[in-house]
Amino acid sequence: MSTDDARDQALFSYGTLQDAGVQRATFGRLLQGEADALVGYRRAALKIEDAQVVAISGQAHHPIVERSDDPADRVSGAVFAITAEELRHADAYEVDAYQRVEAPLASGRRAWVYVKRNGG
């Protein structure tokens, strides 16, 4: 593992990455998170067609967010400290409808978050 892989990355989740089963399947461990909120985004639902992702999450519809540019819009969730390697595992878990972007949180921190592709 390189030094970059050991460095913590901040990952914000508003959906299935908060689920203990998804965390074990994706990261091989349970994550410890802190409550926070994504600023300037709205939440919607996305039908998941990837059978493996549905099997891991147990859900055929996952939440998805898209940018609203309204600072009053907030999406609640949790921010997790993960390694760069674990971030790559999260990238592999998310379906193509999502893209990873860095976004501001209500706490003033910035974190990686999966948003609607071309909506972030």
Side-chain angles (χ1 to χ4, degrees):
M1 181 175 351
S2 76
T3 304
D4 285 344
D5 283 350
R7 192 175 318 139
D8 282 347
Q9 306 283 319
L11 175 66
F12 179 80
S13 173
Y14 53 86
T16 61
L17 286 173
Q18 295 179 80
D19 180 79
V22 171
Q23 290 178 5
R24 282 190 189 102
T26 305
F27 307 113
R29 68 181 179 100
L30 290 178
L31 304 179
Q32 298 298 313
E34 297 176 20
D36 213 327
L38 183 61
V39 178
Y41 286 78
R42 290 189 187 122
R43 187 174 164 141
L46 173 71
K47 183 171 179 9
I48 302 298
E49 305 290 343
D50 185 313
Q52 182 176 359
V53 172
V54 172
I56 291 170
S57 71
Q59 301 175 35
H61 289 84
H62 288 193
I64 193 164
V65 297
E66 63 184 321
R67 190 189 329 233
S68 69
D69 290 324
D70 181 345
D73 287 336
R74 306 270 171 123
V75 176
S76 296
V79 63
F80 300 102
I82 64 173
T83 66
E85 179 181 0
E86 289 171 328
L87 189 59
R88 288 190 292 276
H89 290 291
D91 287 344
Y93 167 76
E94 297 295 354
V95 298
D96 288 343
Y98 295 89
Q99 66 181 9
R100 179 167 46 95
V101 300
E102 193 176 32
L105 302 178
S107 65
R109 298 171 69 178
R110 294 185 66 82
W112 292 114
V113 61
Y114 295 95
V115 303
K116 182 178 180 182
R117 186 166 294 283
N118 300 323

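As a basis for the values below, the full set of heavy atoms in this structure was taken, side chains included, without hydrogen atoms, waters or symmetry mates. We number each residue from 1, following the sequence as shown.
Glu86 has its side chain out of reach of Phe80: every pair of non-hydrogen atoms, C-beta onward, lies at least 4.5 Å apart. Using a 4.5 Å heavy-atom threshold, the side chains of Leu46 and Val95 count as touching. By the 4.5 Å heavy-atom criterion applied to side chains, Arg88 and Ile82 are not counted as neighbours.
Atom-to-atom distance recorded for Glu66:CD and Asp73:CG is 10.5 Å, nearest 0.5 angstrom. Rounded to the nearest 0.5 Å, atoms NE2 (His89) and CD (Gln23) are 14.0 Å apart. Distance check, rounded to the nearest 0.5 Å: CD1 of Ile56 to CD1 of Ile48 gives 11.5 Å.
Across all non-hydrogen atoms, the minimal contact from Ile64 to Lys116 is CD1-CA, 3.6 Å. Of all heavy-atom pairs spanning Tyr14 and Arg43, the tightest one is O-NH1, 2.9 Å. Nearest heavy-atom pair, Asp19 versus Gly21, reported as atom, atom and distance to 0.1 Å: OD2-N, 3.0 Å. Of all heavy-atom pairs spanning Ser57 and Tyr93, the tightest one is CB-OH, 3.6 Å.
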Is there a salt bridge (charged side-chain N to carboxylate O under 4.0 Å, His left out) between Asp91 and Arg100? Walk through the geometry before answering. CA-CA 8 Å; Asp91 287 344; Arg100 179 167 46 95; 2.8 Å; yes

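Residues forming a side-chain contact (heavy atoms from CB on, under 4.5 Å) with Ala106 (at least two apart in sequence, or on another chain): Asp36, Ala37, Val39, Arg74. Partners of Glu94 under the side-chain contact (heavy atoms from CB on, under 4.5 Å) rule, at least two apart in sequence or in another chain, are Leu17, Tyr98, Tyr114.
The local environment of CD in Glu102 is crowded, with over 12 non-hydrogen atoms from other residues, nucleotides or ligands closer than 6.0 Å. The number of heavy-atom neighbours closer than 6.0 Å to CD of Gln18, taken from other residues, nucleotides and ligands shown, is above 12.
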